[in-house]
Amino acid sequence: MMTQPIRTVNNLSSETSPARGNDIAKFSLTYEERRLLDLRARYARAEVLANAFGDMILWLRRVFGRLTAGIKENHKLRAAETQLFRMTDRELSDLGLCRADIAFAVRETQGFRPQFDVADPVTSVNENWRRAA
């Protein structure tokens with residue numbers, strides 16, 4: 001297989017500099033116009049950065065607030081669990097609880113209730129109970 005030689009072109013023309021000339025390149029700004037244009041661009045960049053920085057601060061504040069609220073809620077739940085675990089079995093039975101129910105009972109009052117799907121009736125795994133009767 002034979003490779004093609006690299007072609008070089010000395011005079012290229014493109015859309016940026018067409019052969020007949022570029023009308024935009026002929027247009028020139030005065031020093032004062034360039035200064036005002038640059039100043040407007042700087043103000044626009046500063047405004048975009050200031051808005052982004054402000055939004056970032058508000059977002060961080062919300063995230064920090066949610067984080068601290070979660071930590072406080074977790075501390076309250078653990079304090080309630082600790083208080084119940086310090087009770088005797090007699091005191092827990094007066095409340096209608098056993099030690100295994102403490103974690104569930106504390107979280108149930110906070111709105112964390114497990115969802116059980118009971119649409120299908122429970123069938124016995126071992127059907128031998130019918131023979132015994």
Side-chain angles (χ1 to χ4, degrees):
M1 183 164 139
M2 189 169 169
T3 59
Q4 296 290 328
I6 297 174
R7 296 181 187 173
T8 58
V9 180
N10 294 334
N11 296 326
L12 291 175
S13 63
S14 68
E15 294 296 322
T16 57
S17 61
R20 68 180 193 285
N22 193 346
D23 294 336
I24 297 173
K26 294 178 184 176
F27 180 74
S28 64
L29 297 173
T30 64
Y31 173 76
E32 188 62 28
E33 291 171 336
R34 278 185 276 150
R35 191 182 68 77
L36 287 175
L37 188 61
D38 185 47
L39 191 62
R40 286 183 191 146
R42 286 183 186 193
Y43 282 137
R45 279 192 299 266
E47 183 180 8
V48 167
L49 288 175
N51 288 338
F53 188 68
D55 290 344
M56 181 187 65
I57 289 174
L58 291 174
W59 179 79
L60 285 174
R61 185 175 171 192
R62 285 192 304 266
V63 168
F64 184 73
R66 285 194 303 255
L67 179 69
T68 55
I71 291 171
K72 287 178 183 178
E73 185 67 27
N74 188 27
H75 181 68
K76 288 178 185 177
L77 290 175
R78 287 177 181 265
E81 282 181 351
T82 304
Q83 185 177 8
L84 287 173
F85 274 120
R86 287 181 181 165
M87 291 181 164
T88 63
D89 289 336
R90 172 72 185 212
E91 292 170 334
L92 286 174
S93 65
D94 289 343
L95 295 175
L97 295 173
C98 65
R99 294 215 180 268
D101 295 336
I102 290 175
F104 177 73
V106 168
R107 282 168 175 68
E108 181 181 316
T109 60
Q110 300 300 322
F112 301 114
R113 294 188 179 144
Q115 299 295 323
F116 297 107
D117 185 21
V118 290
D120 297 331
V122 179
T123 59
S124 176
V125 176
N126 188 354
E127 297 292 330
N128 290 335
W129 62 274
R130 289 184 183 166
R131 293 181 193 160

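Quick caveat, the model's predicted, so the values are computed rather than measured. Because only heavy atoms are used, hydrogens play no part in the values below, and waters and symmetry mates are left out as well, while side chains stay in.
The pair Arg42-Asp38 meets the salt-bridge criterion, since a charged nitrogen lies less than 4.0 angstrom from a carboxylate oxygen. Taking a cutoff of 4.0 Å between a charged side-chain nitrogen and a carboxylate oxygen, Arg78 and Glu81 do not qualify as a salt bridge.
The backbone N or O of Ala44 sits nowhere less than 3.5 Å from a side-chain atom of Glu47 that would complete a donor-acceptor pair. Not one N or O on the side chain of Ser93 forms a donor-acceptor pair closer than 3.5 Å with the backbone of Gly96.
Sparse packing is recorded around CD of Gln83, with 12 or fewer heavy atoms of other residues, nucleotides or ligands lying under 6.0 Å away.
With values rounded to the nearest 0.5 angstrom, Asp101 atom CG is found 11.5 Å from Leu95 atom CG. Note: Leu77 CG to Arg107 CZ = 5.0 Å, rounded to the nearest 0.5 Å. Taking NE2 of His75 as the start and OG1 of Thr82 as the end, the distance is 9.0 Å to the nearest 0.5 Å. Between atom OG1 of residue Thr68 and atom CD1 of residue Ile71 there is a gap of 7.0 Å, rounded to the nearest 0.5 Å. Considering CZ of Arg62 and CD1 of Ile57, their distance stands at 12.0 Å, rounded to 0.5 Å. Between the CG atom of Leu97 and the CE atom of Met87 there is a distance of 9.0 Å, given to the nearest 0.5 Å.
Phe53 and Trp59 fall within the same hydrophobic cluster, defined by Ile, Leu, Val, Met, Phe, Trp and Tyr side-chain heavy atoms under 4.5 Å apart, directly or through other members.
Heavy-atom minimum distance, Val106 versus Leu84: CG2-CD1, 3.6 Å.
Partner of Leu36 under the side chain to side chain contact (heavy atoms under 4.5 Å, CB included) criterion, out of Arg34, Glu33, Glu32: Glu32 alone.
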